[in-house]
Engineer: 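Pasting in a structure now, in structure tokens, and then I'll have a few things to ask.
Residue indices begin at 1 and follow the sequence shown. In what follows, every heavy atom counts, from backbone to side chain, and hydrogens, waters and symmetry copies are set aside.
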Amino acid sequence: MFFRNKKTLSGLKLTEFNELPSTNEYCKSEALPGNGIILAHRQTKGHGRMGRNFVSAEGGLYVSFYFEAKEISPEALVPLTGKCAVAVLRALEKVCKITPDIKWTNDLLLHGKKICGILAETVWGGDGRPEKLIIGIGINQNQSPQGFDGELSAIASSIYALTGKKTDKYKLLSALANEISRVYSSLLSRENEGEYLDLYRKHCTTLGKEVHILHPSIVPNEDPRVVFAREPDLFPMAAAVDIDNDFGLILRHGDGSTEVLRSGEVSIR
């Protein structure tokens, strides 16, 4: 069930649903022309990276932005997730008056708890170039503390649960639309790269820490986070020393060698 909101935010048409399985999947399955926003008040099958579930109870902000991508070079998409993390941080600072940390690559944390996940996906054309860009963002905004019980309470929470203050969903969406539109413009122009990098480095809580590298190749066909909880010694450790110009994580191993991690995950020691 849905209702169409005829508003536009930062020039993007907003289509609003009471409930969807997944805003990203809707964007991929529907022939949506131009650029716009899909908002759902609940998701029944919200998902994050590596096919994981993203808990999407009412009170959170679950939104996907879709953009025409034919004019974007594949190389410009490499730093997309990092730029989006900075965009969300800026919107949260403006509306919710909080400054979260960024955990490489794309989780935002408040008081050590995950409050936001980002899933950027590209629909590719037959010529090997991008056709549509989809940026899914799930923010734990106004859910009650009781919405994060059991094992989930150790790793995730909501802004309201952590600060005691509820904030307006549409004000946050408006600020987010403005920031994500700026990201899209930067992909087209390749401008303001340094601005995003500087803010990402400033707020990246992973830097300066010893981390376990959760390479999926170490445990094929299993979620490395699950295996790590059971057998942490399977995963190598390194020091996270910097972010490169494409938002890759630069690691220094014990023997002095360095590695740039482009994908995957790390667990902070």
Side-chain angles (χ1 to χ4, degrees), residues 46-55 77-86 88-89 92 98-121 136-140 148-159 161-162 196-269:
H47 62 273
R49 295 175 63 246
M50 301 179 67
R52 295 178 182 135
N53 292 331
F54 186 91
V55 177
L77 293 174
V78 175
L80 172 60
T81 300
K83 288 182 175 182
C84 288
V86 172
V88 176
L89 185 148
L92 290 172
I98 60 171
T99 302
D101 296 316
I102 300 172
K103 178 181 178 291
W104 188 87
T105 55
N106 60 350
D107 287 342
L108 275 79
L109 311 179
L110 186 63
H111 306 324
K113 300 289 183 71
K114 180 175 177 177
I115 59 167
C116 174
I118 301 167
L119 180 62
E121 300 183 272
I137 298 170
I139 299 176
N140 296 331
F148 301 88
D149 54 9
E151 294 181 359
L152 188 61
S153 65
I155 59 173
S157 190
S158 70
I159 297 168
L162 293 169
Y196 285 100
L197 271 169
D198 289 347
L199 284 170
Y200 191 97
R201 288 179 176 129
K202 178 181 178 180
H203 295 287
C204 183
T205 190
T206 310
L207 292 181
K209 307 287 179 57
E210 293 286 326
V211 299
H212 288 273
I213 308 166
L214 307 189
H215 281 301
S217 60
I218 295 174
V219 284
N221 304 317
E222 289 192 75
D223 186 333
R225 293 190 309 180
V226 174
V227 179
F228 174 73
R230 186 175 68 236
E231 299 179 81
D233 292 340
L234 285 177
F235 300 89
M237 291 192 63
V241 295
D242 203 357
I243 302 294
D244 77 1
N245 289 343
D246 287 322
F247 293 83
L249 183 64
I250 302 175
L251 302 170
R252 180 178 294 122
H253 297 280
D255 61 3
S257 64
T258 60
E259 172 188 5
V260 180
L261 203 60
R262 297 284 174 208
S263 60
E265 294 181 77
V266 296
S267 178
I268 299 173
R269 184 178 182 181

Engineer: Before giving the answer on side chain to side chain contact (heavy atoms under 4.5 Å, CB included), spell out for I139 and L108 the whole-Å C-alpha distance, their side-chain angles and the decisive distance to 0.1 Å.
Structural biologist: CA-CA 9 Å; I139 299 176; L108 275 79; over 6 Å; no

Engineer: Side-chain donor-acceptor pairs under 3.5 Å in residues 239-248, sequence neighbours left out?
Structural biologist:
from	atom 1	to	atom 2	distance (Å)
D242	OD1	R201	NE	3.4
D244	OD1	D246	N	2.9
D244	OD1	F247	N	3.1
D244	OD1	G248	N	2.7
D244	OD1	R262	NH1	3.1
D244	OD2	R262	NH1	2.7
D244	OD2	R262	NH2	2.6

Engineer: Any side-chain heavy atom of V211 within less than 4.5 Å of one from W104?
Structural biologist: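 Counting from C-beta outward, V211 and W104 never come under 4.5 Å.
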
Engineer: Using the rule side-chain contact (heavy atoms from CB on, under 4.5 Å), only one of V88, D107, L109, I115 pairs with P100; which is it?
Structural biologist: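 Of the listed options, the one satisfying the test is I115.
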
Engineer: Going by the rule ring-ring contact (aromatic ring centres under 6.0 Å, His included), which residues pair with Y196 if we only count those two or more places apart in sequence or in a different chain?
Structural biologist: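 Partners of Y196 under the ring-ring contact (aromatic ring centres under 6.0 Å, His included) test: none.
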
Engineer: What's the spacing between L77 CG and K83 NZ if we round to 0.5 Å?
Structural biologist: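 Reported value, rounded in 0.5 Å steps: 9.5 Å.
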
Engineer: Would the distance check show the side chain of K103 and the main-chain N or O of V266 forming a donor-acceptor pair, the cut-off being under 3.5 Å?
Structural biologist: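 Pair found, side chain donor or acceptor close to backbone of V266.
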
Engineer: Taking all non-hydrogen atoms of both residues into account, name the closest pair between A85 and Y200 and its distance.
Structural biologist: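 Closest heavy-atom pair between A85 and Y200: CB-CE1, 4.1 Å.
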
Engineer: Residues in side-chain hydrogen bond (donor to acceptor under 3.5 Å, both in side chains) with D101, at least two apart?
Structural biologist: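 With sequence neighbours excluded, D101 shows a side-chain hydrogen bond (donor to acceptor under 3.5 Å, both in side chains) to no residue whatsoever.
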
Engineer: Measure the SG-CG distance between C116 and L110 for me, rounded to the nearest 0.5 Å.
Structural biologist: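 The SG atom of C116 sits 11.5 Å away from the CG atom of L110.
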
Engineer: Can you tell me how far the NE2 atom of H111 sits from the CG atom of L162, to the nearest 0.5 Å?
Structural biologist: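 Reported to 0.5 Å precision, the distance equals 5.5 Å.
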
Engineer: Is the side chain of S157 donor-acceptor paired with the backbone N or O of K113 at a distance under 3.5 Å, no angle test?
Structural biologist: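 A pair under 3.5 Å: no.
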
Engineer: Looking at F228 and S267, what are the two nearest heavy atoms and their distance?
Structural biologist: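 Closest heavy-atom pair between F228 and S267: CE2-OG, 3.3 Å.
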
Engineer: Got a sec, which residues hit side-chain hydrogen bond (donor to acceptor under 3.5 Å, both in side chains) with T99, two or more places apart in sequence or on another chain?
Structural biologist: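 So T99 forms a side-chain hydrogen bond (donor to acceptor under 3.5 Å, both in side chains) with E93.
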
Engineer: Taking side-chain hydrogen bond (donor to acceptor under 3.5 Å, both in side chains) as the test, write out the residues that go with R252, two or more places apart.
Structural biologist: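 Once residues adjacent in sequence are excluded, R252 has no partner under the side-chain hydrogen bond (donor to acceptor under 3.5 Å, both in side chains) criterion.
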
Engineer: Could you tell me which non-hydrogen atom of I102 sits nearest to which non-hydrogen atom of T105, and how far apart they are?
Structural biologist: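 Looking at all heavy atoms of both residues, the shortest contact is CG2-O, 4.2 Å.
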
Engineer: At what distance, to the nearest 0.5 angstrom, does SG of C84 lie from CG of N106?
Structural biologist: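 Answer rounded to 0.5 Å: 9.5 Å.
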
Engineer: Please find the pair of heavy atoms, one from H253 and one from M237, that lie closest to each other, and give the distance.
Structural biologist: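 H253 and M237 have their closest heavy atoms at ND1-O, 3.8 Å.
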
Engineer: May I ask you to test the L261-I213 pair for a side-chain heavy-atom distance under 4.5 Å?
Structural biologist: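 Yes, close enough: below the 4.5 Å cut-off.
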
Engineer: Among residues at least two apart in sequence or on other chains, which ones pass side-chain hydrogen bond (donor to acceptor under 3.5 Å, both in side chains) with D255?
Structural biologist: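 Per chain and number, D255 pairs via side-chain hydrogen bond (donor to acceptor under 3.5 Å, both in side chains) with S257.
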
